[in-house]
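Report on the structure given below.
For clarity, every value in this text was computed on a predicted model and none was experimentally measured. For the single chain, residues carry numbers from 1 onward in sequence order.
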Amino acid sequence: MKKHLKFGAFALLFICTILLVACSSQEITPTPTQIPETTPTESKTEETPMTNDEITTPTPTPTPTPTAIPSTEDLELRDLRVVISSDIHCTDLQEWYSTSYKVRMQHWTDTIKKEHKENPIDLLIINGDISLDYWVHGGSVINKGKGTSSFFVDEYLSQLPGEIEIFILPGNHEQYSDEDWLKITGNHRSGYTVIGGRLFIFLDNFRGNLDPKNHHDGVYLNTDVKYIEDLMAENPDLDVYLVAHYFDTSAESAEFKKLVRENDRIKGLFAGHTHKSGVIELGEEWGNKTIAQTGNFAYFKDSASESFWGFRELILTEKDGYSRYIISESEAVVDGVKTKFKRTIKNQVCYYGTAPELPKAEDPFEKYNMLYSMIVESSITGDEGMKKTNRVQLIFDDDVKTKWCVRPTSSDGSVTVMWSMTEKVRIDAYSISTANDWLDRNPEAWCLYGRNSEEDEWIVIDNVTNGNLPKALFTYSDIFTIDNPVEYKHYKLTVTDNFNNRDLYQFSELVLLQNKTD
């Protein structure tokens, strides 16, 4: 079982006494609860699902006074790397991006292991919604009689290196009593740790109406200010980081706003729940503090490229403190297209000192000049598009959101676009970008021609029989370089085949390039 953090939130009196005497943290092995081996499409289980009458509705558990364990705390100020991952949703009730939950969970596990190997993780905070056990539509507990939270802990967390400290917060989909959550995860629903001379406080803002009879998505309760104040009083010299599955700033108490606003020791807040990965600027009433959103490893209902599978890292040194979101290297089917995501760092926020510059996105055209300004717009002619919004001129408007979509009318099934330049120009390379849908309409074979007067014969500049354009929307192809380029004033491109649909051709941009060195 993993090495879990100390659980100061709901400790009973006799446990506190034992901890203080022993002066060491206690490992707790959760009672395993295996889920049936089913595929995401199967609904049959080995157990009879519980009825609503069998599910009790206990009153919310009050938040206890924190228990200090000073002799076991890591008070020495040192460099830390903290990873915060939320909304993982280990569940066989849903499948996102055409990826089974077991494949997705193993990918999460392998990614965390790889991150730790390359840059050790001191603390891993799982910021809620490790499952879909409780849900407005029933969730695993009501639909199948048991949840998948234990399965995630036993099957996947158990694979992580034992030296990583771990704390698992409940989200709105984990409406377990504190006793049950302790059995599943090895820590209470709320808690804290002191590590590397900093205080991390884990807040349970979904502690209301636990184990409900009725289907819902969790009951948000305002942040427990006294809990934070007591912990900060017990650790008076430490910077503080607050972590909760969600902070509802529109509903939070005036006391919590004041605490955050007036206390410089509180450096930052972290929250999941929305599946977003950005940084929320809270403004003056919150002391200009921020909430760094911790993303997801499940789905994002808007643009997947903006908040795909990943987690937030927090880097703390004596001089600098900052966090940023890391999209993991992944492959999944997005909008019907098999898409590869590179490891990408984005949405950075600095708490003190200076944060490093984010890596610049690769620019495939960096060493080229684009020749848009040298194209005579009135000269662009070609096969007529399907409608006005699909006209041929749109492939030269420097906008991948517009396209030329055309049905071939020639006897050989080809389509052609012609244009002129303001003067004789040498084209060294070019790129073609895909459009907004139907990737089987991508050009696959074409021929690029040039000439200097209308009386001249067309000269072949480049002939491509296997274009292999990206299987992704709004995406530029690899750069096609031209061997022995020559200056021409007039050009044409004839597309003779596409990926899998000779009925229609489309692409959004034809980018003409010239080396910058000249």
Side-chain angles (χ1 to χ4, degrees), residues 1-20 22 24-33 58-70 72-74 84-86 123-131 133-134 147 149-150 152-154 157 164-195 199-211 218-232 234-235 240-246 270-272:
M1 182 57 204
K2 305 308 302 165
K3 181 180 178 184
H4 287 282
L5 297 179
K6 296 168 282 296
F7 43 89
F10 287 88
L12 298 175
L13 181 59
F14 74 93
I15 296 177
C16 297
T17 304
I18 293 171
L19 288 171
L20 288 169
S24 62
S25 61
Q26 182 176 350
E27 289 190 358
I28 298 179
T29 303
T31 302
T33 305
T59 56
T61 305
T63 303
T65 302
T67 302
I69 314 176
T72 61
E73 306 291 16
D74 179 6
I84 309 173
S85 180
S86 70
L123 172 61
L124 171 62
I125 304 169
I126 302 179
N127 196 15
D129 280 1
I130 61 175
S131 71
D133 287 355
Y134 292 87
S149 294
S150 290
F152 173 76
V153 172
D154 298 339
L157 275 187
I164 303 177
E165 297 274 16
I166 300 174
F167 193 94
I168 310 170
L169 284 84
N172 54 296
H173 292 302
E174 285 93 40
Q175 295 158 35
Y176 292 98
S177 67
D178 183 60
E179 181 181 2
D180 288 340
W181 192 245
L182 176 61
K183 291 177 181 178
I184 291 170
T185 65
N187 59 247
H188 288 283
R189 287 183 60 93
S190 63
Y192 74 97
T193 190
V194 173
I195 183 171
L199 173 61
F200 289 84
I201 301 177
F202 313 118
L203 300 160
D204 181 11
N205 288 351
F206 283 94
R207 62 193 182 277
N209 195 21
L210 302 179
D211 294 331
V219 176
Y220 181 87
L221 297 181
N222 285 351
T223 302
D224 191 326
V225 174
K226 186 177 186 304
Y227 182 46
I228 299 172
E229 289 177 335
D230 288 348
L231 283 171
M232 291 178 65
E234 292 176 8
N235 301 274
V240 179
Y241 296 88
L242 305 179
V243 186
H245 182 61
Y246 185 54
F270 298 85

Quick one: side-chain hydrogen bond (donor to acceptor under 3.5 Å, both in side chains) partners of Asp129, sequence neighbours excluded?
-> His245
How close do Phe202 and Tyr227 get, heavy atom to heavy atom, and via which atoms?
-> O-CE2, 4.1 Å
Applying side chain to side chain donor-acceptor pair (under 3.5 Å) between Asp178 and each of Lys183, Arg189, Arg207, His188, report the one that passes.
-> His188
Does atom CD of Glu179 have more than 12 heavy-atom neighbours from other groups under 6.0 Å away?
-> no
Mind checking whether Tyr176 and Ile184 have side chains closer than 4.5 Å, heavy atoms only?
-> yes
Could you walk me through whether Ile126 and Leu157 pass side chain to side chain contact (heavy atoms under 4.5 Å, CB included), step by step?
-> CA-CA 10 Å; Ile126 302 179; Leu157 275 187; 3.6 Å; yes
Between Ala244 and Asn205, the two heavy atoms sitting closest are CB-ND2, 3.7 Å
Step-by-step side chain to side chain contact (heavy atoms under 4.5 Å, CB included) determination, Glu165 to Thr193 = CA-CA 10 Å; Glu165 297 274 16; Thr193 190; 5.9 Å; no
Scanning both residues in full, the closest heavy-atom pair of Leu169 with Leu203 reads CD2-O, 3.4 Å
Could you grab the distance from atom CG of Leu124 to atom CD1 of Ile84, nearest 0.5 Å is fine?
-> 9.5 Å
Residue set satisfying side-chain contact (heavy atoms from CB on, under 4.5 Å) with Ser131, at least two apart, ordered chain then number -> Asp133, Thr148, Ser149, Glu174
Would you please name every residue forming a ring-ring contact (aromatic ring centres under 6.0 Å, His included) with Phe152, sequence neighbours left out?
-> Trp108
Side chains of Asp211 and Tyr134: donor-acceptor distance under 3.5 Å anywhere?
-> yes
Using modelled atom types only, decide if a donor and an acceptor are shared between the side chain of Trp181 and the backbone of Ile168 within a distance under 3.5 Å.
-> yes
What's the spacing between Asp180 CG and Leu210 CG if we round to 0.5 Å?
-> 10.0 Å
So, do Ile125 and Phe200 sit near enough that their side-chain heavy atoms are less than 4.5 Å apart?
-> yes
Listed partners of Asn235 passing side-chain contact (heavy atoms from CB on, under 4.5 Å), at least two apart | Val194, Leu199, Leu238
